[in-house]
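Here is the structure we will look at.
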Amino acid sequence: MAEKARIAIFISGAGTNMAALVYASRIAECPYEVVLVASNDPAAAGLALAQAEGIATFAHPHKGMTRDAHDAAMETAVLEAGADTIVLAGYMRILSDGFVERWAGRMLNIHPSLLPLYKGLDTHGRAIAAGDRYAGTSVHLVTPELDAGEVLAQVRVPIAAGDTPDSLAERVKFAEHQLYPRAVAEYVGRWRDPAHLLARLRALALALAETDERESHGSPGFRVGGEKSGKYFAYFADQHHGTPHIALLVRTGSMDELLALVEDQPEIYFKPAYYGASGWVGIILNRPGVDWDEVAEWLHRSWRSVAPKRLTRMMYIADEF
Ligand code: GAR
């Protein structure tokens, strides 16, 4: 089994979602472990459960502190616990933009509505008042704008006749307890899932002009320039030739450039078997924190180095200005 992701859970209240995450992590195949439960409220009921489970806890009231100072205290606890992902589970404090940006792509939240409906508070009351047939819950990535990050998973929960915000909230929580552990497990496993990485790469490669996908020596390859005279500008290599890497292979400008990249950033770049000899570089994709904008730039550069003149001419003209 590959190394597990290490998650820190932030709570403010009962912590029933935290409990669901903890018990899911006790099942052998779970791809994450809970290394910290932290709260802005030392009286949060969930802390006692975490302690009884032998999980490290941290609690620091936010009263009288600036937002930045409180966030910094929480972050120090997260880093000391060695967590790589933060999971908000009923954490009822807004985090500062700086904090959110530092954890971009590594922080998830669960929100009790079918986002983008009913961001913020009193979600159930508003859904009932609107006469909606369904309430629900959403797991999403945290971005500086409140409850607006990419939605990763949702479950609908019907609103029953006579439902009050409390009765509905209680039922939605049953759905949350099923959804959250699965969504977190899926998300933290993504960066090493070849199907996910290939899908992401494919979307970027095929967005470039006149490209197609064709298998080459058993690997997906991406070409530009049409059926007959097309040239490869990228390959997806899934643990080839004894490397542990799932990688994108693209063309560099020269052997010197390739060797410099590998020497300066061996955690990102490597010289692939066979292709390396002709100046192709391997970019490791199965690592946390891949910068997909950078991947897109590499694809574009490699595409441009072999694309027919009629496709690149306009770009070179643009570059001169
Ligand atoms: C959950 O229903 C969660 O979706 C909600 O608070 C509850 C926490 O319950 N979160 C928010 O409203 C965030 N804006 P829990 O403490 O029992 O897990």
Side-chain angles (χ1 to χ4, degrees), residues 7-25 32 34 36-53 55 57-59 61-62 67 70-71 74 85-97 99-100 103 107-129 132 134-160 163-185 187:
I7 72 171
I9 304 178
F10 285 11
I11 62 170
S12 296
T16 65
N17 277 287
M18 179 273 299
L21 288 159
V22 166
Y23 289 112
S25 79
Y32 67 80
V34 182
L36 176 74
V37 173
S39 181
N40 60 324
D41 180 0
L47 289 170
L49 181 136
Q51 273 155 9
E53 283 293 335
I55 298 169
T57 58
F58 173 82
H62 59 265
R67 191 174 302 283
H70 187 261
D71 286 359
M74 296 289 282
T85 307
I86 296 176
V87 175
L88 307 180
Y91 188 61
M92 301 311 273
R93 258 183 84 70
I94 291 180
L95 292 156
S96 60
D97 286 358
F99 185 103
V100 171
W103 289 86
M107 181 153 61
L108 281 65
N109 182 38
I110 191 159
H111 180 77
S113 80
L114 295 171
L115 289 174
L117 292 175
Y118 312 124
K119 296 172 179 170
L121 297 175
D122 188 29
T123 56
H124 302 306
R126 288 189 282 156
I128 292 169
D132 292 354
Y134 292 98
T137 181
S138 307
V139 176
H140 66 95
L141 290 176
V142 179
T143 54
E145 193 185 334
L146 184 69
D147 299 330
E150 181 192 343
V151 172
L152 301 172
Q154 282 184 322
V155 169
R156 291 200 313 187
V157 176
I159 298 178
D163 251 338
T164 63
D166 284 347
S167 66
L168 183 54
E170 200 181 328
R171 244 179 14 266
V172 166
K173 280 202 190 185
F174 286 118
E176 293 191 319
H177 300 163
Q178 297 299 314
L179 182 69
Y180 211 8
R182 284 178 211 213
V184 170
Y187 187 76

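For clarity, every value in this text was computed on a predicted model and none was experimentally measured. Every number for a ligand or one of its atoms is a count from 1 in the order of the listing.
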Under the side chain to side chain contact (heavy atoms under 4.5 Å, CB included) criterion, do Phe99 and Met107 qualify, and how do the steps go?
CA-CA 10 Å; Phe99 185 103; Met107 181 153 61; 3.8 Å; yes
Specify the protein heavy atom at minimum distance from atom 11 (C) of ligand 1: its residue, its atom name, and the distance to 0.1 Å.
Pro112 CD, 3.5 Å
Just say parallel, tilted or perpendicular for the rings of His111 and His140, cut-offs at 30° and 60°.
perpendicular
Which pairs of donor and acceptor atoms, one on a side chain in residues 148-158, lie under 3.5 Å apart (sequence neighbours left out)?
residue	atom	partner	partner atom	Å
Gln154	NE2	Leu115	O	2.8
Gln154	NE2	Ser138	OG	2.9

Evaluate the side-chain proximity of Asn17 to His177: yes if any heavy-atom separation is below 4.5 Å, no if none is.
yes
among protein heavy atoms, the one nearest atom 1 (C) of ligand 1 is Glu176 OE1, 3.1 Å
Just by distance, no angles: are the side chains of Ser96 and Asp71 close enough, under 3.5 Å, to form a donor-acceptor pair?
yes
Tyr180 meets the ring pair (Phe, Tyr, Trp, His ring centres under 6.0 Å) criterion, sequence neighbours left out, with none
For atom 6 (O) of ligand 1, what is the nearest protein heavy atom, given as residue, atom name and distance?
Gly90 CA, 3.8 Å
Contact between Thr137 and ligand 1, counting heavy atoms under 4.0 Å?
no
Based purely on interatomic distance, does Tyr91 place a nitrogen or oxygen under 3.5 Å from a nitrogen or oxygen of ligand 1?
no
In terms of residue, atom name and distance, what is the protein heavy atom nearest to atom 16 (O) of ligand 1?
Gly15 N, 2.7 Å
Which residue holds the protein heavy atom closest to atom 14 (N) of ligand 1, what is that atom called, and what is the gap in Å?
His111 ND1, 3.5 Å
Any Lys/Arg nitrogen of Asp132 or Arg126 sitting under 4.0 Å from an Asp/Glu carboxylate oxygen of the other?
no
Taking both backbone and side-chain atoms of Asp147, is any N or O found less than 3.5 Å from an N or O belonging to ligand 1?
no
Does Lys173, backbone or side chain, put an N or O under 3.5 Å from an N or O of ligand 1?
yes
